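Not measured: the values here are computed from a predicted model.
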Amino acid sequence: MQQSQHTHIRSHVPSRCKLALAALGGVSLLALSAVAAHADPTLSELAAELRELKASNAQMRAENRQMKAAIQEMRGQRVRAARGASRDYAERTPAPVLPAAGGAVPVMVTPDKRLQVGGITITPGGFLAGESVFRSKTTNSDINSAWNSIPYVNTLLSRTNEYRLTGRQSRLALLAEGAITPSVIASGYAEFDFLGAGTTSNATDTNSYAPRIRQLYAALDMTDYGIHAMAGQMWSLATLNSKGITPRNEITPPTIDGQFLPGFVFARQAGVRLTKDFDRKLWLSLALEEAQTTFTNGACSGSALSGTTNGAGEAQSASGVGIATPSGLTALCAATASGAGFSQYGQPYSLNHLPDIIGKAAYEARIANRDVHIEGMGLYKDLYDASYTPSVLTATAGAPATGIKTHDVGGYGFGGGLIAPVLPKTLDFQISALAGRGIGRYGAGLLPDATVGVDGQLRAIGEVIGLAGFTLHATPSIDLYAFGGIEREGRSYGNYDGTLFGYGLPNAANYGCNLVGANAATCTGQTHQLWQLTGGFWDKLYKGTYGEVRVGAQYSYTQRDGFGTQVTTAPTAAQAASAGLTVAQASRYVTPKTNESTVMTSIRYYPFQ
């Protein structure tokens, strides 16, 4: 009995323990489940918050990049607004200035081939050229032609031609810009070629041609006010622009010839200029520019006052250049000063005491869905000289000078130009003109501004200068062009007791200009007009990371016409025979004419395009 009870007890104890253990395990599982259930949401929230923080950080970085890009773009727009769209150099936003340790100025080269030195952006430019020129008549010119020197038939040079190879039109340029504030930009520009000549320059051995200043100026642009100022040597304000009135946007004919073509109005000279733009649509500009006067053959070609004393016994510091008039006066028109290194090679400088004054207005119009550039200009210049009697040269030392008188004669010009796409992005048209008196040197043909009157004062010569042309963008790499231009001068002379004196004399002995040989008669040969027709092409063989390579060719036909004159003395039979003509035939050649055909080629490498 007892054994059975113990047996019963042993049989039930394990069951109760199992139940207790099971209960304890269940409670533990419930507790752990509760803890686990409480812990899982906390970890999820932390993970979610972490993801939100990462997303927020990424968004902030993106917004920061956008803000920096917006600031950089705004700065670039202001710089571009200040300097205008450049035809020679592609517009590029200035690179950001990076901080440098120890206060050093950061220096970096940007991907668009500019140098960033602190806050200054330096843009190199220019090209290297290998060119050739062939002329049907010898003018002893390089790649820049001298059309007013095309020889008439009476010279042996008219029976010869010339061929030259040259690299002298190669060009070096440097533009430096600094944004003083986002709307005030200071800049300087330098540009040189090698068409200058020194005392040792030659084509025999080492050539040794000298660099020549084309442009060298400083500029200040205040874009918030639309005010632009320049000072130094630059393209004259008289030169046609392609966009507003902005530097480095001068539009030149696309010729290889360094002198372009007759009819092109331009000069590169020292001056100061102030320009105001109104919403970059209307531009007004005023310039004071270097004054010079060019003279006719025979006028201001003789020497006067050289090595003499003035009436007060003071030595002359410079030799004068002048010409005697029929009235007994000598007109002093220029000086060949050799002091201070100014004109040490004896080049004459005309007498001047006032700058040339040029005003221009330009307007950017939208006509028939085409962007059209229109401009008009006016020019005033002072022609200045002195006259004296020969007795001044022999005046007693210490005595006051007598008989010296200075003269001021006004010259002027009015003109304008237009650039318009006939077919947008395919065919462009341009035209420009200038008409007035005393304006010859503003034409590419360099016809004279003035002659000397019988009273000793200068006489302004009337002239009309003009050109027109088309440029066809045949393919993305090939441009074709055709232009025509003319420069035409009027007569300007006086009469002193039956003696005509001046320019374009109707009784000049010109029939000899069309005779040849030793018996050719005198040829005065003053130019009445120059005109030219020219055409050519440019092909961009390569344009990419390594710059740009262009090849081109140009043909031009130029004619030089002299003034028609009356034959006062018929040529002799021998003189006429030297040209294979009868006396009657030779007498009819009273208007000298000559012409020239020119072919030019060019290979150019633009490393910074």
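The minimum heavy-atom distance between Y163 and S132, with the atom names listed, is OH-CB, 3.8 Å. Residues S187 and L175 share a closest heavy-atom pair of CB-CD1, 4.4 Å. The minimum heavy-atom distance linking W147 with G445 is given by the pair CE3-CA, 4.1 Å. Contact between R212 and R268 at its shortest, heavy atoms only, is NH2-NH2, 3.3 Å. Annotation for I419 and N241: closest pair CD1-O, 3.3 Å, computed over non-hydrogen atoms. When all heavy atoms are compared, the tightest approach of W235 to R273 is O-NH2, 2.8 Å.
Judged by a 6.0 Å distance limit and a 45° cone about the ring axis, K276 is positioned over the six-membered ring of F278. Stacking of R550 on the aromatic ring of Y606 is recorded, both the 6.0 Å distance cut-off and the 45° axial limit being met.
D561 and Q559 share a donor-acceptor pair across their side chains, judged by distance under 3.5 Å alone. Using modelled atom types, one finds a donor on one side chain and an acceptor on the other under 3.5 Å when comparing Q532 with T558. No hydrogens or angles considered: a donor-acceptor pair under 3.5 Å links the side chains of H373 and E364. Using modelled atom types, one finds a donor on one side chain and an acceptor on the other under 3.5 Å when comparing D356 with Y442. For the residue pair E250 / T239, no side-chain donor-acceptor distance below 3.5 Å is found, with atom types taken as modelled. For the residue pair S556 and T534, no side-chain donor N or O sits within less than 3.5 Å of a side-chain acceptor on the partner. Checked by atom type, the side-chain pair D221/T223 shows no donor-acceptor distance below 3.5 Å.
Formation of a donor-acceptor pair under 3.5 Å by the E162 side chain with backbone atoms of T139 is found in this model. A donor-acceptor contact shorter than 3.5 Å is absent between the side chain of S597 and the backbone of Y557. Distance alone, capped at 3.5 Å, places no donor-acceptor pair between the T471 side chain and the Y481 backbone. Within the 3.5 Å criterion, the main-chain N or O of A291 finds no donor-acceptor partner in the side chain of E289. Between the R437 side chain and the A460 main chain, a donor and an acceptor come within less than 3.5 Å of each other. When atom types are taken as modelled, the side chain of E463 and the backbone of E487 share no donor-acceptor pair closer than 3.5 angstrom. The main-chain N or O of R168 is found under 3.5 Å from a side-chain atom of T166 such that the two form a donor-acceptor pair. A donor-acceptor pair under 3.5 Å links the side-chain atoms of Q169 to the main chain of I256, judged by distance alone. With hydrogens and angles disregarded, no donor-acceptor distance shorter than 3.5 Å links the side chain of T601 to the backbone of A553. Side chain of Q554 to backbone of D257: a donor-acceptor contact under 3.5 angstrom is found.
Side-chain contact between T255 and F483 is absent, with no heavy atoms from C-beta onward closer than 4.5 Å. Counting heavy atoms from C-beta outward, Q430 and D428 have side chains that stay 4.5 Å or more apart. Side-chain contact between T123 and F608: absent, with no pair of heavy atoms (C-beta onward) separated by less than 4.5 Å. Side-chain contact check for T527 versus Y503: some heavy-atom pair is nearer than 4.5 Å. Between Y384 and N352, every side-chain heavy-atom pair lies at or beyond the 4.5 Å cut-off. Two residues are said to be in side-chain contact when any heavy atoms from C-beta on lie closer than 4.5 Å; P448 and E489 meet this criterion. Counting heavy atoms from C-beta on, the side chains of T121 and Q116 come closer than 4.5 Å. Side chains of N148 and L447 form a contact here, defined as non-hydrogen atoms less than 4.5 Å apart.
For I122, the CD1 atom sits in a packed shell: over 12 heavy atoms of surrounding residues, nucleotides or ligands are nearer than 6.0 Å. Around atom CZ of F134, more than 12 heavy atoms belonging to other residues, nucleotides or ligands sit under 6.0 Å away.
The distance from the CZ atom of R248 to the CE atom of M234 is 11.5 Å, given to the nearest 0.5 Å. To the nearest 0.5 angstrom, I439 atom CD1 is 8.5 Å from D449 atom CG. How far CG of N595 is from CG of L530: 12.0 Å, rounded to the nearest 0.5 Å. With values rounded to the nearest 0.5 angstrom, L216 atom CG is found 10.5 Å from L174 atom CG. The NZ atom of K360 sits 7.0 Å away from the CE atom of M377 when rounded to the nearest 0.5 Å. A distance of 10.5 Å separates CE of M230 from OH of Y189, quoted to the nearest 0.5 Å.
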Walk me through it: do K137 and R560 pass the test side-chain contact (heavy atoms from CB on, under 4.5 Å)? CA-CA 12 Å; K137 292 183 173 63; R560 177 189 177 196; over 6 Å; no

I'd like to know whether R459 forms a side-chain contact (heavy atoms from CB on, under 4.5 Å) with V409, so could you lay out the CA-CA distance, the side-chain angles of the two residues, the decisive distance to 0.1 Å, and finally the verdict. CA-CA 7 Å; R459 298 176 64 98; V409 176; over 6 Å; no

Chi angles and distances behind the side-chain contact (heavy atoms from CB on, under 4.5 Å) call for D408, L383: CA-CA 6 Å; D408 290 274; L383 306 176; over 6 Å; no

Between R604 and E131, does the salt bridge (charged side-chain N to carboxylate O under 4.0 Å, His left out) criterion hold? Intermediate values first, please. CA-CA 8 Å; R604 296 180 181 179; E131 298 174 330; 3.0 Å; yes

Run the numbers on D193 and R171 for salt bridge (charged side-chain N to carboxylate O under 4.0 Å, His left out), then give the verdict. CA-CA 5 Å; D193 62 23; R171 193 173 304 167; 5.3 Å; no

side-chain contact (heavy atoms from CB on, under 4.5 Å) between F266 and Q259, intermediate numbers included: CA-CA 10 Å; F266 87 101; Q259 198 62 20; 3.9 Å; yes

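The aromatic rings of Y412 and F414 sit tilted relative to each other, their planes meeting at an angle between 30° and 60°.
Ion pairing between D279 and K281 fails under the 4.0 Å rule for side-chain N and carboxylate O.
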